[in-house]
Trainee: 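What follows is a structure written as C-alpha cells; I'll ask about it next.
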Amino acid sequence: MKKNIVFVASFVAFGIQAALPVACTSDTTGERVALEVHVAGANPATTTFTNAYGWNVTLSKALLSIGPLYYYDGPPIFSDARPTIFEWLHNAFVERSAFAHPGHYVPGNALGEFLGASSVDLRTTTVLGMGDGVSGTVRSATFTFQAPAVGPFANALGTHVAVFEGVAQNGADTRPFRAEIDEADILNADNAPTVEGCPFAEVDIEADGVVTLTIGIAEWFDQVEFDSIPASEDGTPVLMPDGAIGRNELVRGMKEGLGYSFTYAPK
C-alpha cells in the first residue's frame with residue numbers, strides 16, 4: 001500500500017514538473033490575422049425541410065439580428081474530448097482550474113472576434129464584415145444576438161432579434177405561420193443574449209482568411225409542433241402566440257449551440 005502511495009505521489013510530482021515549463025513558456029499571443037465573416041443558412045439554396053414531427057416547412061422570410069462573435073481554443077460544450085493525464089495535472093495543479101464537466105463550457109483562450117453588428121436574410125449568404133484574431137487552434141465560438149437590430153433588415157425586424165414566415169404542411173394540415181423572437185426569449189442562464197460553446201471546426205489559423213457562420217435553420221425548427229399553432233382562416237400567416245408549445249420549441253432550438261457552426265478557410 002505504501003509503495004502505491006509513493007508511486008502516485010511521484011507520478012503527480014513528475015506531472016507537475018512536466019507541466020510547469022508549458023505554463024511558463026507557452027505563448028498565447030500569436031500573430032495577428034484578419035478574419036472576414038460570412039453568414040449562411042444551413043443550405044442557402046434551400047428553404048424547405050422536414051422536421052422531426054413530419055412537418056414540411058417552407059420559409060418565405062428568415063431574418064436574424066447578429067451581434068459580436070468570439071472564437072476560442074476550448075472545445076465546444078457538447079464535445080466528447082477528455083483531457084490527457086498531463087493536461088489534467090497541469091489544469092488541476094498549475095492553473096488551479098478543472099476541466100469542464102458535461103454541460104459546462106470552458107472557452108479557454110480567445111483567438112478571434114467580430115465586434116460589429118448587422119442583420120441578415122438567412123436564405124442567402126451575407127458578408128458580415130471584417131474581424132480580427134491571432135494565430136492558433138480554434139475549436140469553439142460564441143454567438144450573440146443584437147438588440148435592437150441594426151443593418152439592412154433593422155426596420156423589418158423592429159424590436160425582434162429574429163422573424164420567420166412560412167408554411168408548414170403535414171398531410172392535409174397546412175399552417176401558415178409567423179414567428180417573432182425577442183431578446184428576452186433567448187437569454188441564457190447568465191441573462192445574456194448569447195449562445196456559448198458553438199462548434200468551430202478545429203483548425204490551426206495561421207493566416208488571413210474567411211470565417212463562415214452557418215445557421216442550422218432546420219435544426220431550429222426540428223422539434224416544432226406546428227399543430228400547437230392556431231390554423232389560419234384566410235391563408236395569411238398566423239403569429240405564434242407567446243407560450244405556445246411550438247414557439248417554445250423554436251426558441252429552445254435557437255438556444256442550442258449545435259445550430260451555429262463555424263468554419264475557417266484561408267484567403
Trainee: So which of Y260, Y71, Y264 actually passes ring pair (Phe, Tyr, Trp, His ring centres under 6.0 Å) with F200?
Mentor: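 Looking at Y260, Y71, Y264, the match for F200 under the ring pair (Phe, Tyr, Trp, His ring centres under 6.0 Å) is Y71.
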
Trainee: Is it the case that atom CG in N155 sees more than 12 heavy atoms from other parts of the structure closer than 6.0 Å?
Mentor: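 Counting other residues, nucleotides and ligands, CG of N155 stays at 12 neighbours or fewer.
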
Trainee: Which heavy atom of H160 sits nearest to which heavy atom of A149, and what is that distance?
Mentor: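 Scanning both residues, the minimum pair turns out to be O-CB, 4.2 Å.
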
Trainee: Please step through ring-ring contact (aromatic ring centres under 6.0 Å, His included) for the pair F164 and F177, ending with a clear verdict.
Mentor: CA-CA 8 Å; F164 305 98; F177 67 90; 8.1 Å; no

Trainee: Check whether any side-chain heavy atom of V39 lies under 4.5 Å from a side-chain heavy atom of L122, and answer yes or no.
Mentor: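 With C-beta onward as the side chain, the pair touches.
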
Trainee: Tell me, do L111 and Y72 make a side-chain contact under 4.5 Å, heavy atoms counted?
Mentor: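 Answer no - side chains too far apart.
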
Trainee: Taking the side chain as every heavy atom from C-beta outward, state whether L64 and V161 have any pair of such atoms under 4.5 Å apart.
Mentor: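 Sidechains of V161 and L64: no contact.
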
Trainee: The criterion is side-chain hydrogen bond (donor to acceptor under 3.5 Å, both in side chains); which residues satisfy it with D132, sequence neighbours excluded?
Mentor: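 D132: side-chain hydrogen bond (donor to acceptor under 3.5 Å, both in side chains) contacts with R32.
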
Trainee: Counting neighbours of CG on L258 that are heavy atoms of other residues, nucleotides or ligands and sit closer than 6.0 Å, is the number greater than 12?
Mentor: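 Yes, enclosed.
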
Trainee: So which atom in S135 and which in E206 form the shortest heavy-atom distance, rounded to 0.1 Å?
Mentor: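 Looking at all heavy atoms of both residues, the shortest contact is CB-OE1, 3.6 Å.
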
Trainee: To check you understand the geometry: which heavy-atom pair defines the closest contact between D208 and V33, and what is its length?
Mentor: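 Reported closest heavy-atom pair: OD1-CA, 3.4 Å.
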
Trainee: A side-chain contact here means heavy atoms from C-beta on lying under 4.5 Å apart; do S65 and F145 qualify?
Mentor: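 In short, these two side chains do not touch, never coming nearer than 4.5 Å.
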
Trainee: Side-chain contact, heavy-atom cut-off 4.5 Å: V251 with I186?
Mentor: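 They are in contact (side-chain heavy atoms under 4.5 Å apart), so the answer is yes.
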
Trainee: Do you see a donor-acceptor pair shorter than 3.5 Å between the side chains of Y105 and S140?
Mentor: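 The answer is yes; a qualifying pair exists.
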
Trainee: State, with a plain yes or no, whether a side-chain heavy atom of E225 is found less than 4.5 Å away from one of E249.
Mentor: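 Answer yes - side chains close enough.
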
Trainee: Between P241 and I229, which heavy-atom pair has the shortest distance, and what is it?
Mentor: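 For P241 versus I229, the nearest heavy atoms are CD-CD1, 4.4 Å.
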
Trainee: Let me check something: do W55 and M254 share a hydrophobic cluster, defined by ILVMFWY side-chain heavy atoms less than 4.5 Å apart, either directly or through other members?
Mentor: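 W55 and M254: one cluster.
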
Trainee: In a check of side chain to side chain donor-acceptor pair (under 3.5 Å) between D185 and each of K255, R247, R252, which one passes?
Mentor: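 That would be R247; it is the only one of K255, R247, R252 passing the side chain to side chain donor-acceptor pair (under 3.5 Å) with D185.
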
Trainee: Rounded at 0.5 Å granularity, tell me how far OG1 in T125 sits from CG in L128.
Mentor: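 The OG1 atom of T125 sits 12.0 Å away from the CG atom of L128.
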
Trainee: On a heavy-atom basis, which atom in S119 and which in V150 lie closest, and how many Å separate them?
Mentor: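 Between these two residues, the closest heavy atoms are OG-O, 2.8 Å.
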
Trainee: Return the minimal non-hydrogen interatomic distance between A201 and T263, and the atom names on each side.
Mentor: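 Closest heavy-atom pair between A201 and T263: CB-CG2, 4.1 Å.
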
Trainee: Check whether any side-chain heavy atom of T144 sits under 4.5 Å from a side-chain heavy atom of I66, and report yes or no.
Mentor: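 T144 does not reach I66 side chain to side chain.
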
Trainee: Do T137 and D73 have side chains that get closer than 4.5 Å, going by heavy atoms?
Mentor: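 Side chain of T137 against side chain of D73, heavy atoms only: no contact under 4.5 Å found.
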
